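Taking it in order: structure first as structure tokens, then the write-up.
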Amino acid sequence: MHWIDAVANELVKRGGRQVIASGISISGHVHIGHSNDVFIADAVRRAVGELGLEAESVWCADDYDPMRRIPWPLNEGELAERYKQYLGFPYANIPSPDPNYRDFVDYFSRPFIESLKHFGIEVRIHSGAKAYRDGRMADLIKRSLENSETIRSILNQYRDKPLPDNWLPVDVVCENCGRISTTRAISWHGDFVSYRCEGADYVAGCGHEGEADYTSGGAKLTWRVEWPARWKLLGVTCEPFGKDHAVRGGSYDTGKLIARKVFDYEAPYPIPYEWVSMKGKKLSSSKGVVFTLKQWLEIAEPEILRYFIFRSKPMKAKVFDPGLPLLDLIDEYDLVERAYYDKTDEAGKREEQQRRIYELSQVGRVSETPIRRISYRFAAVLAQVTNDEEKIIKVLISRGMLVNPGELEIKLALRRLELARNWVMNYAPEHLRFKILEQVPAEILAALTPKQKQALGQLADDLAGREFTPVELHNHVYAVAEMTGQKPNELFQAIYRVLLGRDSGPRVGNFISALDREFVVSRFREASL
RNA sequence: GGGCCCGUAGCGCAGUCUGGUUAGCGUACCGGCCUUUUAAGCCGGCAGUCGAGGGUUCGAAUCCCUCCGGGCCCGCCA
């Protein structure tokens with residue numbers, strides 16, 4: 001059984017309406033590592049729904065957290081200077097670097113939120129900042145303040161250095177300098193917390209002393225308390241989270257205790273997961289090691305990312321590489337897809353699992369008509385040769401990559417062409433990239449041997465005379481090489497040189513048949529003179 | 001100090017939760033197909049003491065214990 005279903009079963013056993021939460025700090029661009037969170041939460045929602053229980057998934061923006069570090073790309077040049085003043089501010093109170101976005105949070109989170117629908121994710125968006133400002137957290141804050149002593153002792157169980165006696169579980173926004181990470185709460189009464197702006201290790205405080213109204217956003221709960229408070233507020237029954245929270249004595253452990261003792265709430269069913277790294281480097285929004293959902297959609301179908309997440313167990317480390325290894329991932333997906341539609345009599349344990357992974361990878365429902373895709377690798381070649389859609393379809397059909405294609409198949413093929421085109425431009429290794437020469441440099445023409453020239457001329461005549469299929473054409477190159485008394489190798493080189501200016505390239509048959517015939521004929525003729 | 005993940009064919013991995021016929025897949029490699037294939041296709045083949053040791057069991061890659069090696073996280077904040 002797939003782990004998503006195992007979780008769903010457990011939730012169904014517990015019964016009741018299910019709320020699966022996910023969320024992250026808006027510390028920069030939201031990347032595909034963060035997507036783990038939402039993707040898992042939403043998949044559980046879907047699986048629970050399939051079992052007939054009401055379920056909802058929520059994505060929480062932790063947008064009232066302080067900015068500890070200026071995230072990429074705001075940490076470069078003039079912007080860095082401008083944003084330095086906001087260190088320690090709650091994200092929600094920082095302006096956007098771009099006038100097209102409302103604020104800092106909008107700037108970093110909107111592209112992510114807008115991408116979600118393309119991946120089939122249906123979540124409710126919850127803003128932490130808004131909850132604080134609207135007073136929806138007020139009761140929970142009050143309860144936390146009343147139970148400060150209990151909370152402190154729970155946290156101290158896992159701390160080397162105990163929290164001070166007068167510690168309070170709130171972080172106050174300084175009304176003078178606007179920072180939240182610099183203040184220390186001193187005491188509280190009614191709806192107010194008094195504080196002093198003392199500073200943090202990465203930014204100085206302003207020394208201001210005052211009182212903040214926590215019922216309207218003047219203060220937030222400290223993370224380890226905020227989390228269980230949010231479970232209570234939203235009625236969370238299940239939540240995936242990064243392995244950092246999952247360590248013994250980590251925020252899940254303390255949250256569980258706080259939830260029970262302070263909020264009279266049972267902690268949600270936990271789903272710890274590993275992070276995603278990119279070429280071995282941990283994804284980091286603040287450091288700019290990012291790969292966003294938007295970037296993903298430019299080079300691969302959304303199903304592939306879902307597959308990437310659901311194919312392995314949540315605690316397995318996932319390594320993403322948008323270069324050549326991406327193609328292996330896509331091939332693997334294509335294979336699973338093909339197997340899904342190839343009906344087999346006996347479905348073993350493994351097949352069963354693969355089928356389920358495929359289903360979970362789908363953006364919507366599984367297509368009833370079998371899906372056939374063209375090879376991404378070939379698309380990467382074809383995309384560099386032409387962008388004439390009609391021609392592309394013709395080539396694909398002539399090569400047998402599309403057989404009596406329906407509308408859907410053509411649409412998928414053209415989309416993949418587009419994705420592959422973007423991939424080649426931005427992520428492909430140099431040796432897979434080529435460009436048709438607009439003109440052949442004189443030195444290339446001069447370096448051609450008489451035999452090569454003769455062969456190219458012959459090819460030009462033959463191509464002008466009749467239509468060749470890719471295979472025929474490839475064979476014909478050999479024939480011409482023999483006819484002109486040279487090794488095939490020499491002719492291949494000549495062909496690549498006059499077309500690409502290089503010694504090698506894509507398979508000649510495919511390659512040339514993808515090109516405009518007139519163009520090839522005139523190019524070969526020119527070279528033969 | 002505590003916790004997690006990984007170690008299976010040259011390389012990348014699945015299978016481990018729920019133990020059970022000759023341990024799979026991709027890739028690389030080798031060979032074949034079309035008299036010939038620089039990055040297409042199809043077919044076939046090679047290759048593994050399942051990190052090591054011990055235990056449980058009729059039976060262990062799978063469960064338990066110990067150890068070795070690699071990686072990550074927490075012990076500030078999130």
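These numbers were taken from a predicted model, which means no experiment stands behind them. Order of the sequence lines fixes the chain letters, A, B, ..., with proteins taken first and strands second; residue numbering starts at 1 for each chain. What's counted below: heavy atoms across the whole structure, side chains too, no hydrogens, waters or symmetry copies.
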Assess the side chains of Glu301(A) and Tyr307(A): does a donor N or O sit below 3.5 Å from an acceptor N or O?
no
Taking atom [atom1] in both [N] and [M], compute the distance separating them and give it to the nearest angstrom.
| N | M | atom1 | answer |
| --- | --- | --- | --- |
| C67(B) | A14(B) | C1' | 27 Å |
| A39(B) | U27(B) | C1' | 15 Å |
| U8(B) | G24(B) | C1' | 10 Å |
| G15(B) | G32(B) | P | 37 Å |
| A61(B) | A23(B) | P | 9 Å |
| G51(B) | C11(B) | P | 14 Å |
| C50(B) | U22(B) | C1' | 16 Å |
| A52(B) | U35(B) | P | 49 Å |

Shortest non-hydrogen contact from Ala380(A) to Val424(A)?
O-CG2, 3.6 Å
Nearest-nucleotide pick for [X], side chain only, options being [options]:
| X | options | value |
| --- | --- | --- |
| Phe492(A) | U38(B), A78(B), C25(B) | U38(B) |
| Glu274(A) | C73(B), A78(B), G71(B) | G71(B) |
| Met315(A) | U38(B), C5(B), A78(B) | C5(B) |
| Trp223(A) | A14(B), A78(B), G26(B) | A78(B) |

Figure out the [atom1]/[atom2] separation between [X] and [N], and round it to whole Å.
| X | N | atom1 | atom2 | result |
| --- | --- | --- | --- | --- |
| Lys318(A) | C5(B) | NZ | P | 13 Å |
| Arg224(A) | A78(B) | CZ | C1' | 10 Å |
| Arg356(A) | A14(B) | CZ | P | 20 Å |
| His245(A) | G75(B) | NE2 | P | 11 Å |
| Gln493(A) | A39(B) | CD | P | 13 Å |

Phe104(A) vs Phe108(A) aromatic rings, parallel, tilted or perpendicular, using cut-offs 30° and 60°?
perpendicular
Measure up the Phe310(A) and His2(A) rings against each other and bin them: parallel (under 30°), tilted (30 to 60°), perpendicular (over 60°).
perpendicular
Would you say a side-chain N or O of Ser251(A) is under 4.0 Å from OP1 or OP2 of C74(B)?
no
Kindly say if Lys161(A) contacts the phosphate of G75(B), meaning a side-chain N or O under 4.0 Å from OP1 or OP2.
no
Check Glu303(A) with Arg306(A), please: is the shortest side-chain N to carboxylate O separation under 4.0 Å?
no
For Asp63(A), is there an ion pair with Lys130(A) - N to carboxylate O distance below 4.0 angstrom?
no
Regarding [X], tell me which of base, sugar-phosphate or nothing describes its non-hydrogen contacts under 4.0 Å with the strands shown.
| X | result |
| --- | --- |
| Asp244(A) | base |
| Thr222(A) | sugar-phosphate |
| Arg69(A) | nothing |
| Trp3(A) | nothing |
| Arg159(A) | sugar-phosphate |

Assess the residue pair Tyr333(A) and Tyr358(A) against the criterion (ring-ring contact (aromatic ring centres under 6.0 Å, His included)); give the C-alpha distance rounded to whole Å, side-chain angles, the decisive distance to 0.1 Å, and a yes or no.
CA-CA 8 Å; Tyr333(A) 175 83; Tyr358(A) 179 74; 5.8 Å; yes
Is there a side-chain contact between Thr254(A) and Arg159(A) in this structure, where contact means two heavy atoms from C-beta onward sitting under 4.5 Å apart?
no
One pair to check against ring-ring contact (aromatic ring centres under 6.0 Å, His included): Trp231(A) and Phe263(A). What are the steps and the verdict?
CA-CA 9 Å; Trp231(A) 295 339; Phe263(A) 301 121; 9.2 Å; no
Could a donor-acceptor pair under 3.5 angstrom be found where the side chain of Lys243(A) meets the base of C72(B)?
yes
What is the glycosidic conformation of U36(B): syn, defined as within 90° of 0, or anti?
syn
Pairing of RNA chain B as dot-bracket, 5' to 3': ( ) intra-strand, [ ] crossing, | other strand, . unpaired, with Watson-Crick or G-U pairs under 3.5 Å?
(((((((..((((......[...)))).(((((.......))))).....(((((..]....))))))))))))....
